[in-house]
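Since the structure comes first, as C-alpha cells, the remarks are kept for the end.
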Amino acid sequence: MPIAVSRSTALVGVCVALALLVLVGQRLAQAGAASEPEVVAAPLEPVAEAPVRPVLVVHVVGEVRSPGLYRLRDGSRIADAVRRAGGARRGADLAALNLAAPLVDGVQVLVPSRVAVGGMPATDADTGAGSSTVVSLSSATVEELDELPGVGPITAQKIVDYRAEHGPFGSVDDLDAVPGIGPTRIEQLRDLVTP
C-alpha cells in the first residue's frame, strides 16, 4: 500500500534535502581550496651575466716569424703572444724572456736574439766565413738592420723611418728616440753599430 504524504510534509523534506546539499557543497569547496597551495610570487633576482673578459692588444716584435699586433684574451701570457706571432725564430733567445709573465694591454713584447759568449753576437768569423762588419745606422738598409740582434723587420723599419725624418744619427745613443728601442737594446747594439 502506498504511503500517503501530505504536500506540506513533502515540501519540508525537499527543503531539508536542499539545505543539506548546500552545506555539503560548501564544505567540499572549502576543503578543495585548502588543499591547493597558495601561489606567492617570489621576488626576482637579476641574472648575473658572465663577466666579459677584455681583449688585450699587444705588439710582438723581434725574433718571431710574424711580428705585428695581436689580440689575445685577458689572462694570456707572453708565451701565448709569441705563439700567436708564429713562434720564435731559430736565433731567438727565449731564456731572456719570462714566458710566464701575464700580458698587459698595449705592451710590446720584444723577443731578443741570442748573443754569443762575451756579449757579442755570433759573427761570420765564428762560423768560418769572412769577418763581420759594423753596421752604419745612417746608411744601413732595413735588411742589414734586421740582421742585428734583437732588431726585427719592424724595428729596422722604424730606424730607417726615424733616419728619414730626423736625418743621420749623431751617436748610437740617438737610438733611444726610436720607438721600441730602450737602453738595454742600445747596450746590446753599441759595439755592432756606428752612427
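Throughout, numbering of the chain's residues begins at 1 and tracks the sequence.
Smallest separation of non-hydrogen atoms from Val142 and Pro153: CG1-O, 4.2 Å. The shortest heavy-atom contact between Ser6 and Thr9 is OG-OG1, 2.8 Å. The two residues Ser138 and Phe169 come nearest to each other via the heavy atoms OG-N, 3.1 Å. The two residues Val134 and Thr194 come nearest to each other via the heavy atoms CG1-N, 3.6 Å. Scanning all heavy atoms of the two residues, the minimum distance from Val111 to Ala92 falls at CG1-CB, 3.8 Å. Here the closest non-hydrogen pair linking Val135 and Ala140 is CG1-CB, 3.4 Å.
Taken to the nearest 0.5 Å, the CZ atom of Arg83 stands 9.0 Å off from the CG atom of Leu99. Note that CD of Gln26 and CG of Leu28 are 10.5 Å apart. Values are rounded to the nearest 0.5 Å. From Ser76, atom OG reaches atom CZ of Arg84 across 8.5 Å, with rounding to the nearest 0.5 Å. Rounded to the nearest 0.5 Å, atoms NE2 (His59) and CD1 (Ile154) are 4.0 Å apart. Going from atom CG of Leu18 over to atom CG of Leu23 covers 11.0 Å, rounded to the nearest 0.5 Å. Between Thr141 atom OG1 and Asp146 atom CG the span is 9.0 Å, to the nearest 0.5 Å.
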Inset, instruction - Test Arg77 against Asp80 for salt bridge (charged side-chain N to carboxylate O under 4.0 Å, His left out), laying out the working first. - result: CA-CA 5 Å; Arg77 306 290 177 159; Asp80 299 322; over 6 Å; no
Inset, instruction - Let me see the working for Ile181 and Ile186 under side-chain contact (heavy atoms from CB on, under 4.5 Å), right down to the final yes or no. - result: CA-CA 7 Å; Ile181 298 180; Ile186 290 172; 3.8 Å; yes
Inset, instruction - Please assess Val55 against Asp74 for the test side-chain contact (heavy atoms from CB on, under 4.5 Å), listing each intermediate value before the final yes or no. - result: CA-CA 6 Å; Val55 175; Asp74 187 27; over 6 Å; no
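Contact check for Leu145 versus Leu137: side-chain heavy atoms found under the 4.5 Å cut-off. Residues Pro54 and Asp105 form no side-chain contact, since every pair of their non-hydrogen atoms from C-beta on lies 4.5 Å or further apart. Pro112 has its side chain within reach of Leu97: a pair of non-hydrogen atoms, C-beta onward, lies under 4.5 Å apart. At a threshold of 4.5 Å between non-hydrogen side-chain atoms, the residues Leu103 and Leu72 count as touching.
Screening residues 147-164 for salt bridge (charged side-chain N to carboxylate O under 4.0 Å, His left out) gives no qualifying pairs among residues at least two apart or on separate chains.
Cluster membership for Val109 and Val64, using ILVMFWY side-chain heavy atoms within less than 4.5 angstrom, is shared. No single ILVMFWY cluster, assembled from side-chain heavy atoms under 4.5 Å apart, contains both Val107 and Leu110. Hydrophobic clustering of Ile, Leu, Val, Met, Phe, Trp and Tyr side chains at less than 4.5 Å, counting indirect connections, keeps Val151 apart from Leu94.
Open room surrounds CZ on Arg71; 12 or fewer heavy atoms of other groups in view lie less than 6.0 Å from it. Around atom CZ of Arg73, no more than 12 heavy atoms belonging to other residues, nucleotides or ligands sit under 6.0 Å away.
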